[in-house]
Amino acid sequence: MNYWLLKTEPDTFGIDDLAKAPGRTSGWDGVRNYQARNLLRDAIKLGDRAFIYHSSCPQPGIAGTARVVRAGYPDRTAFAAKDPHFDPGSDPRKPRWFSIDVQFEQRFERLVSLDELRQHANKKLRGMVLLRTGNRLSVSPVDAAHWRFILALSRGVT
DNA sequence: GCCAACGTTGGC
DNA sequence: GCCAACGTTGGC
């Protein structure tokens, strides 16, 4: 089992929207970056777990966790001309973009802010992809040790 | 709104 | 394949 971090803008779709979605489950689609696409298509497996990270908002940080309930499948939003994520270059017979389904797991009692994560960037969270300068990946891997440490942070254990 | 740090595009 | 121009992300 592996761990991931999924970025989203809470104004558009945040952890609370996931919690309220039918079956507490939502497709994670609209990703249009090849590196992130490769993770969605090849690396993320059923049963993997993910942090839900809120970006482009007053309080950027990790808001909670979700579980992968469906592994990579073609991203349908790429095929619909009316969809904001439409990509005429993605052929349904040879899809270019992929999505996964995630199910709400928990909302942290308190947001673990980007600022707080950075305080551990050279210690317990050394090497975390999210904290690398200029990182813009909307899907990134998380080390198991980092996962456990951040869960502890969210509970105020450390 | 600014701007750094990317990724993508397209001419050559 | 190079690289300048352009677009996007995302914190501030």
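The sequence lines fix the lettering, A, B, ..., with proteins before strands; numbering per chain opens at 1. Quick caveat, the model's predicted, so the values are computed rather than measured.
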Q. Is A/F86 isolated, or which residues cluster with it under the ILVMFWY side-chain rule of less than 4.5 Å, directly or via members?
A. none

Q: Run through the side-chain heavy atoms of Ile, Leu, Val, Met, Phe, Trp and Tyr, join any pair under 4.5 Å, and report what else lands in A/W28's cluster.
A: A/W4, A/L6, A/F13, A/I15, A/L18, A/V31, A/L39, A/L40, A/I44, A/I52, A/V68, A/F98, A/I100, A/V102, A/F104, A/V139

Can you give the donor-acceptor pairs under 3.5 Å from side chains of residues 140-154 of chain A to other protein atoms, not counting sequence neighbours?
from, atom 1, to, atom 2, distance (Å)
A/H146, NE2, A/K124, O, 3.3
A/H146, NE2, A/R126, O, 3.2
A/S154, OG, A/L151, O, 2.6

**Q.** A/S113: partners by side chain to side chain contact (heavy atoms under 4.5 Å, CB included), with sequence neighbours left out
**A.** A/Q59, A/L111, A/D115, A/E116

**Q.** Partners passing side-chain hydrogen bond (donor to acceptor under 3.5 Å, both in side chains) against A/D29 (at least two apart in sequence or in another chain)
**A.** none

Q. How would nucleotides 7-12 of chain C be written as a contact map, 5' to 3', with B for base contact, S for sugar-phosphate-only contact and - for no contact, using protein heavy atoms under 4.0 Å?
A. BBBBSS

